[in-house]
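Below: the structure, in structure tokens.
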Amino acid sequence: MSDDWNDYADGWDGNSDVRHYATRAFAALDALAGITGGGWQDKRVLDFGCGTGLLSGKLAPHVQEVVATDTSERMIAVLEEKALPNVRALHTDILDGSAAADGVTGFDLICASSVCSFLPDYAGAVAALAGLLNRGGMFVQWDWLAPEAGSSGLTVQQVREALRDAGLGAIRVEQAFEMESGGQAMPVLMGSGVRQNG
Ligand SMILES: C[S@@+](CC[C@H](N)C(=O)[O-])C[C@H]1O[C@@H](n2cnc3c(N)ncnc32)[C@H](O)[C@@H]1O
């Protein structure tokens, strides 16, 4: 298995598991935040680690703008080819400290779907992303639910601590859905928190 996300970009949308994951994540987000209810039309969303934009495409019709960022040039190229209305695709590393200076800030919602467990400094990333939220803005992540630290994915405790240490409130961490892999059920957690201060 390659550790270069560029190698997966061309076949990403052809993988039914990947599409199913995005569908289930969006459904869980909608149940949490009421995205499809009409109240998000003036809201700005960041899809962090957007890949080919499977989640961005579901969010875009319901919000003002989706800024979709990824460090994989090829993932972003596939997303750009889709020319999705309302979606601004950026090949950039917004964790390098340049996000606010580049205007990549002021979000009402930040989503990270199947990204956080791959980051070398997960807790640091959540803290940086929380700083890009408007007051009252929400951070939401989905990752494989690990039974214990050191297993692949993230534990409920790891997520709860990272969200708390990032200064987020109204924290919720729970199993959102399951995926099937080789006859085995793989639980996916959803963690969310809200920026309390200005
Ligand atoms: C499992 S894929 C998920 C893609 C997409 N969110 C989805 O659900 O289809 C992980 C993505 O995270 C991206 N990624 C990894 N590290 C990143 C970072 N530091 N900043 C932004 N994106 C990152 C990868 O390039 C890859 O596209």
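Start at 1 and go down the list; that is how both ligands and their atoms are numbered. If you're wondering where the values come from, they're calculated on a predicted model, not measured in any experiment.
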> Is the shortest distance from a heavy atom of Leu55 to ligand 1 less than 4.0 Å?
Replying inline: no

>> To check your reading of the model: name the closest protein heavy atom to atom 4 (C) of ligand 1, its residue, and the distance in Å.
In response: Gly49 O, 3.5 Å

> Counting heavy atoms only, which of Phe48, Trp12, Trp142 is nearest atom 2 (S) of ligand 1?
Replying inline: Trp12

> Looking only at heavy atoms, is any part of Leu119 under 4.0 Å from ligand 1, and if so is it the side chain, the backbone, or both, or is it neither?
Replying inline: side chain

> Would you say the side chains of Glu161 and Gln157 form a donor-acceptor pair under 3.5 Å?
Replying inline: yes

> Based purely on interatomic distance, does Asp70 place a nitrogen or oxygen under 3.5 Å from a nitrogen or oxygen of ligand 1?
Replying inline: yes

> Under 4.0 Å from any heavy atom of Met75, which atoms of ligand 1 are there?
Replying inline: 27 (O)

> Which atoms of ligand 1 have any heavy atom of Cys50 under 4.0 Å away?
Replying inline: 5 (C), 6 (N)

> How does Tyr21 reach ligand 1, if at all, at less than 4.0 Å between non-hydrogen atoms: by side chain, backbone, both, or neither?
Replying inline: neither

> Which atoms of ligand 1 are found less than 4.0 Å from any heavy atom of Val115?
Replying inline: 12 (O)

>> For the aromatic rings, using the six-membered ring if either is Trp, is the centroid distance between Trp144 and Tyr21 under 6.0 Å?
In response: yes

> Looking only at side chains, do Asp93 and Thr71 share a donor and an acceptor under 3.5 Å apart?
Replying inline: no

> Ring centres of Phe139 and Phe107 under 6.0 Å apart?
Replying inline: no

